[in-house]
Enquirer: 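I have a structure here, written as structure tokens, and I will follow up with some questions on it.
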Amino acid sequence: MKKLIVGNWKNNLSLKDSLVLAKNYAKVFRASSGAVVACPSTWALVSVKKILGVSVKLGAQDVGHQERGAHTGDIDAKSLAEIGCTYVIIGHSERRAQGESSAQINLKLKAILKEPKLTPIICIGESWSLYQAKKSKTFVTTQIKQTLAGLNLGTRQIIIAYEPIWAIGTGKAMVASEAQIMHAFIKTEAKKVLGAKTRLMVLYGGSVNGSNSQTYLKKTDIDGLLVGGASLKIQEFKKIANIR
Ligand code: PGA
């Protein structure tokens, strides 16, 4: 299985800077079709898509759970698919911190799965205090049970991004050997909920950079990376994706 590298640009860039970065992605990743995903701000998706072409996949950073209709301010899954998104991040800890619950994320996941062209990237991960108290496994198990409840996946692929909250944007990445243990655990727990045959990938996220990326990518159960800050710097992101 090809490892997946996802750049989460968050809401960091202006439109002008998003387009410049998209041009650089298109140029650098021309030959790596399919394994790199760019997730710009929602308002930049359409413009960025035109520049990325087919070499880099397009992802959104969130979706509303309701279908197209009278829902002011919402973004619906069908429209994301129509504008060319193939991935949607949901449940990022920065959104959970604003009050988004696992029950809401579950509804968003179901909305994504109604669109055949969309693959969800569901974020989970524990806080520093839970990590210190050695409760990471118990906590992510609850998140898995709540966010993945009641799905009928069939052959659809599902992606979980394991992002310890304390590692996000802090420069304090979880060491790869420990991340590997968590990933193997997450796969086992997710398959208990979804079924053993589920097409599941688990990505690591949290302070990934050009110097530590390969330590994660060498691990058996780390199927790729969700990258924040370092995805904004093309040279760093190129190193992460191991393009020379
Ligand atoms: P970071 O962010 O790489 O800047 O730590 C990761 C994320 O939030 O997805």
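A quick note: this is a predicted structure, and the numbers were derived from the prediction, not measured. We're numbering straight along the sequence, starting at 1. Indexing begins at 1, ligand by ligand and atom by atom, following the structure's order.
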Enquirer: What do we get for Asn8 next to ligand 1 when only non-hydrogen atoms under 4.0 Å count, side chain, backbone, both or neither?
Expert: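 Near ligand 1, Asn8 shows its side chain, while the N, CA, C and O stay back.
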Enquirer: Examine the proximity of ligand 1 to Cys123 and report which part, side chain or backbone, both or neither, has a heavy atom under 4.0 Å away.
Expert: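 Within the 4.0 Å criterion, Cys123 makes no contact with ligand 1.
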Enquirer: Could you tell me if any non-hydrogen atom of Gly205 lies under 4.0 Å from any atom of ligand 1?
Expert: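 The answer is no: ligand 1 sits nowhere under 4.0 Å from a heavy atom of Gly205.
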Enquirer: Using atom types as modelled, flag every donor-acceptor pair under 3.5 Å from a side chain in residues 44-53 to any protein atom, sequence neighbours excluded.
Expert:
none

Enquirer: Flag the pair Val88 / Glu115 as yes when at least one side-chain heavy-atom distance between them is below 4.5 Å, and no otherwise.
Expert: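 No, side chains not in contact.
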Enquirer: Taking only heavy atoms of Leu226, which atoms of ligand 1 are found under 4.0 Å from at least one of them?
Expert: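 Selected atoms, number and element: 9 (O).
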Enquirer: What do you reckon, does Thr170 have a nitrogen or oxygen under 3.5 Å from a nitrogen or oxygen of ligand 1?
Expert: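 In fact, backbone or side chain, Thr170 has no N or O that close.
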Enquirer: As an exercise, identify every atom of ligand 1 less than 4.0 angstrom from a heavy atom of His92.
Expert: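 Atoms satisfying the 4.0 Å criterion: 7 (C), 8 (O), 9 (O).
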Enquirer: Would you check if the side chain of Lys3 reaches a backbone N or O of Ile222 as a donor-acceptor pair within less than 3.5 Å?
Expert: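 Yes; judged by distance alone, with no hydrogens or angles, the pair exists.
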Enquirer: Which option, Ala230, Gly125, Cys39, Gly169, owns the non-hydrogen atom nearest atom 5 (O) of ligand 1?
Expert: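 Answer by nearest heavy atom: Gly169.
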Enquirer: Under 4.0 angstrom from ligand 1, any heavy atom of Ala167?
Expert: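 Distance cut 4.0 Å: Ala167 passes for ligand 1.
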Enquirer: What protein heavy atom lies closest to atom 7 (C) of ligand 1? Include the residue and the distance to one decimal.
Expert: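 Closest protein heavy atom to atom 7 (C) of ligand 1: Glu163 OE2, 3.0 Å.
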Enquirer: Who are the side chain to side chain donor-acceptor pair (under 3.5 Å) partners of Lys27, not counting sequence neighbours?
Expert: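 Per chain and number, Lys27 pairs via side chain to side chain donor-acceptor pair (under 3.5 Å) with no residue.
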Enquirer: I'd like to check which ligand 1 atoms, numbered from 1 as shown, lie under 4.0 Å from a non-hydrogen atom of Gly229.
Expert: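 Going through ligand 1 atom by atom, the ones under 4.0 Å from Gly229 are 1 (P), 3 (O), 4 (O).
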Enquirer: Under 4.0 Å from a heavy atom of Gly206: which atoms of ligand 1 are those, numbered in the order shown and with their elements?
Expert: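 Counting from 1, the qualifying ligand atoms are 5 (O).
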Enquirer: Is a donor from one side chain sitting under 3.5 angstrom from an acceptor on the other, for Thr215 and Asn212?
Expert: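 No donor-acceptor contact under 3.5 Å links the two side chains.
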Enquirer: For Lys172, is the NZ atom crowded, meaning more than 12 foreign heavy atoms sit under 6.0 Å from it?
Expert: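 More than 12 heavy atoms, drawn from other residues, nucleotides or ligands, come within 6.0 Å of this atom.
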Enquirer: Indicate yes or no for a side-chain donor-acceptor contact from Tyr204 to the backbone of Met174 under 3.5 Å, with no hydrogens or angles considered.
Expert: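 Flag set: sc Tyr204 to bb Met174 pair under 3.5 Å.
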Enquirer: Among Gly228, Ser231, Ala173, which one has a heavy atom closest to atom 1 (P) of ligand 1?
Expert: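 That would be Gly228.
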Enquirer: So, the side chain of Gln180 versus the backbone of Asp221: is there a donor-acceptor pair under 3.5 Å, distance only?
Expert: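 Judged by distance alone, yes, a pair lies under 3.5 Å.
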